[in-house]
2 protein chains.
Amino acid sequence: MNGFGSAFLLAQVGAHAAQRFTERIGELDLTPPQAGLLRLVAARPGQSQQAIAAQLGTPATRLVALVDGLEKRGLIERRRNPDDRRLYAVELTEDGRAFMGRVAQAAAAHDRALTAALSDGERATLHALLTKIATDQGLTPGVHPGYAKP
Amino acid sequence: MNGFGSAFLLAQVGAHAAQRFTERIGELDLTPPQAGLLRLVAARPGQSQQAIAAQLGTPATRLVALVDGLEKRGLIERRRNPDDRRLYAVELTEDGRAFMGRVAQAAAAHDRALTAALSDGERATLHALLTKIATDQGLTPGVHPGYAKP
DNA sequence: TATTGTTATACTCTATAACTATA
DNA sequence: TATAGTTATAGAGTATAACAATA
C-alpha cells in the first residue's frame, strides 16, 4: 500500500464530492438534505413523514423544518389523508416536478466534473466497483448516510 | 446510467467509510479529527499550530482544544521554540509513537473490511482510479476535507 | 393507550472576534 | 506593528424529550 489505503481515499474523495455537490445545488438555493428529501419524494410520492424518516434513517422531528422549507417554496405539499387524519401525504407540486429537472441537470454536471480524469471505460469500472462495495456493506441505494451540512 | 451516478456512489460509500472508521477508532477513544492530527504530527513532527492548521485547512483556534486533549493523554507534547518563544513545536511523545501502531492496525483492518467484496486485482484498480480522481481534483494526500464529527 | 406530527430544549461542533505574549 | 497562541462568544445543526391531535 503506497501511502494511503482505499478506505481513506474513499472517505477523502467522497467528502470532496459531497462538498462540490453542496456548492452546485447551492446555486439552486438547495441544501443536500433538501435535495435528498426531494429525490425521495419524487421517487416515492405520498408517503407520511414518519415513513420518510424511517427510510432516511433520521429522526422524524428533523423532517418538519425540512418539509416546511420546501413547502413554502412551493416545491412539495402536505396533503391530509382523509382515512387517517393524523397522516400527511408528502408529494411534489407541479413546480416541484419542473424543479427536479434542474436538480438532475446539476447532478449530471457534477458527475461529469468529478470523474473528468477518467475514460469512459474507467468510469464504468469505478461505478461497478463502488456498487459492489455498497451492496456488500448493506447501503441503501439512494440514501446518503448522514447528510452533509447545508 | 442505471439509477445513481458515480459521484453519488462516491459520496455515499465515502460517508459510510468515514462512519465505520469513526466507530473503529472510537475503540481507541479517538475521534477522526484527533486521528488526522496525530497522523500529521507523526508525518511532520515539530510544526507550529499555525502551520498545522494551514495544512489541514482549518482555523488555528480549532487546534487548541484538539492539541490539549491529546497532550493531556500524553500522546503529543508542545515544546517551546527557544529562538521564537511565540511558537510551539508539536511532536509525538514516546507513548504517542506506540499508540500510532494501534491506530495503523485499526486503519488496516478498516481498509480490509470495507473492500472485503473486492478481489486483490479489483482493490488495486479501485485504488488507482481513486488516486486519479484525487489528483485531478487537487486533493492534498492525507488531508480529509472537513473532518467527520466525533 | 398508541401514533403522527409539532414544538421546546439542550448539546455538539465550528467559526469569528477579542485578548495575551512575544517579536 | 505584526504574529502565535488562547479564550469568549455566537451561530448552525442535530437529537431528545415533552406536547397536541387523532385514532
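Order of the sequence lines sets the chain letters (A, B, ...), proteins ahead of strands, with each chain counted from 1.
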> Which letters describe nucleotides 16-23 of chain C, given B = protein heavy atom under 4.0 Å from base, S = only from sugar-phosphate, - = neither?
Replying inline: BB----BS
>> If the condition is side chain to side chain donor-acceptor pair (under 3.5 Å), which residues does B:Asn81 pass it with, not counting sequence neighbours?
In response: none
> A:Leu63 has an atom CG; how far is it from atom C1' of C:dT7, in whole Å?
Replying inline: 15 Å
> To the nearest angstrom, how far is A:Ile76 atom CD1 from C:dG5 atom P?
Replying inline: 12 Å
>> Side-chain heavy atoms under 4.5 Å apart, restricted to Ile/Leu/Val/Met/Phe/Trp/Tyr: what other residues fall into the cluster of A:Val64, or is it alone?
In response: none
>> Expressed as a whole number of angstroms, how long is the span from A:Leu87:CG to C:dA2:C1'?
In response: 13 Å
> Pairs in or reaching into residues 46-67 of chain A: which pass ring-ring contact (aromatic ring centres under 6.0 Å, His included), with residues at least two apart or in two chains?
Replying inline: none
>> Under the rule for side-chain contact (heavy atoms from CB on, under 4.5 Å), what residues qualify as partners of A:Thr61, not counting sequence neighbours?
In response: A:Pro59
> Hey, what else clusters with A:Leu114 if you join Ile, Leu, Val, Met, Phe, Trp, Tyr whenever side-chain heavy atoms sit under 4.5 Å?
Replying inline: A:Leu9, A:Leu10, A:Val13, A:Leu118, A:Leu126, A:Leu129, A:Leu130, A:Ile133, A:Leu139, B:Leu9, B:Leu10, B:Val13, B:Leu114, B:Leu118, B:Leu126, B:Leu129, B:Leu130, B:Ile133, B:Leu139
>> Running the 4.5 Å side-chain criterion over Ile, Leu, Val, Met, Phe, Trp and Tyr, what cluster does A:Tyr88 land in, apart from itself?
In response: none
> Under 4.0 Å between a Lys/Arg side-chain N and an Asp/Glu carboxylate O for A:Arg24 and A:Asp111?
Replying inline: no
>> Suppose we screen for ring pair (Phe, Tyr, Trp, His ring centres under 6.0 Å). Which residues come up paired with A:His16, at least two apart in sequence or across chains?
In response: none
> Roughly how many Å is it from CG in B:Leu66 to C1' in D:dT6, rounded to a whole number?
Replying inline: 15 Å
>> Just the rounded figure in Å: distance from P of D:dG13 to CZ of A:Arg62.
In response: 10 Å
> Does anything in residues 44-53 of chain B reach DNA chain D, meaning a heavy atom under 4.0 Å, and if so which residues?
Replying inline: B:Ser48, B:Gln49, B:Gln50
